[in-house]
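I have placed the structure first, in the form of structure tokens, so that the comments after it can refer back to it.
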Amino acid sequence: MNNFRMFLSLSVYLMSTYFVIDLIIYTFDWILLLVSIVGFVFAHYLWPPKCDNESVWYDLLEIVIELPFRAMALFIRGLAKLFKHGDSGIDF
């Protein structure tokens with residue numbers, strides 16, 4: 001079951017990556033952007049949980065698949081921290 005989840009997660013990740021490349025190379029489309037973001041989130045949550053007998057390739061794939069999700073989470077947390085103190089203004 002873990003191999004199927006890994007394959008499905010990798011497939012969704014590759015499809016989302018293709019959509020991002022399509023957005024950059026060809027015309028921008030909000031629907032493709034939304035589908036790619038949902039795909040990256042879906043690929044993150046579809047990835048199977050950690051096991052003790054995993055290989056190095058499995059760990060490398062996990063890092064690559066989780067990278068877009070972690071970048072989006074970091075961006076959203078940064079925006080929340082920026083607007084947390086709304087009355088005090090932006091402090092650099």
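Being a predicted model, the structure only gives us computed values, none of them experimental.
- For the atom pair Trp57 CH2 and Glu62 CD, the distance stands at 15.5 Å (nearest 0.5 Å).
- Put simply, Met15 and Ile21 are part of two different groups of oily side chains (I, L, V, M, F, W, Y) that touch within less than 4.5 Å, one to the next.
- Closest of all the heavy-atom pairs between Ser16 and Gly39 is OG-CA, 3.2 Å.
- Residues Val41 and Val38 are members of separate hydrophobic clusters, defined by side-chain heavy-atom contacts under 4.5 angstrom among Ile, Leu, Val, Met, Phe, Trp and Tyr.
- Counting heavy atoms of neighbouring residues, nucleotides and ligands inside a 6.0 Å radius, atom OH of Tyr26 does not exceed 12 of them.
- Distance check: Phe69 CZ to Tyr13 OH gives 14.0 Å after rounding to the nearest 0.5 Å.
- Summarising the local packing, CZ of Arg5 is surrounded by more than 12 heavy atoms from other residues, nucleotides or ligands at distances under 6.0 Å.
- Following chains of ILVMFWY side-chain contacts shorter than 4.5 Å, one can reach Ile24 starting from Trp30, so the two form part of one hydrophobic cluster.
- Once rounded to the nearest 0.5 Å, the distance linking CG of Leu46 with CZ of Phe7 reads 12.0 Å.
- Between the side chain of Ser9 and the main chain of Ala43, a donor-acceptor pair closer than 3.5 Å is present.
- The hydrophobic clustering, which links ILVMFWY residues whose side-chain heavy atoms are closer than 4.5 Å, places Ile37 and Tyr45 together.
- Ile31 CD1: 12 or fewer foreign heavy atoms inside a 6.0 Å radius.
- Here the closest heavy-atom approach between residue Leu10 and residue Leu61 is recorded as CD1-CD2, 3.9 Å.
- Interatomic distance, OG1 of Thr17 versus CD1 of Ile65, reported as 9.0 Å (0.5 Å rounding).
- Taken to the nearest 0.5 Å, the CZ atom of Phe19 stands 11.5 Å off from the CG atom of Leu34.
- Note that the CG atom of Leu67 and the CZ atom of Phe40 stand 9.0 Å from one another [nearest 0.5 Å].
- Residues Val35 and Tyr18 are members of one and the same hydrophobic cluster, defined by side-chain heavy-atom contacts under 4.5 angstrom among Ile, Leu, Val, Met, Phe, Trp and Tyr.
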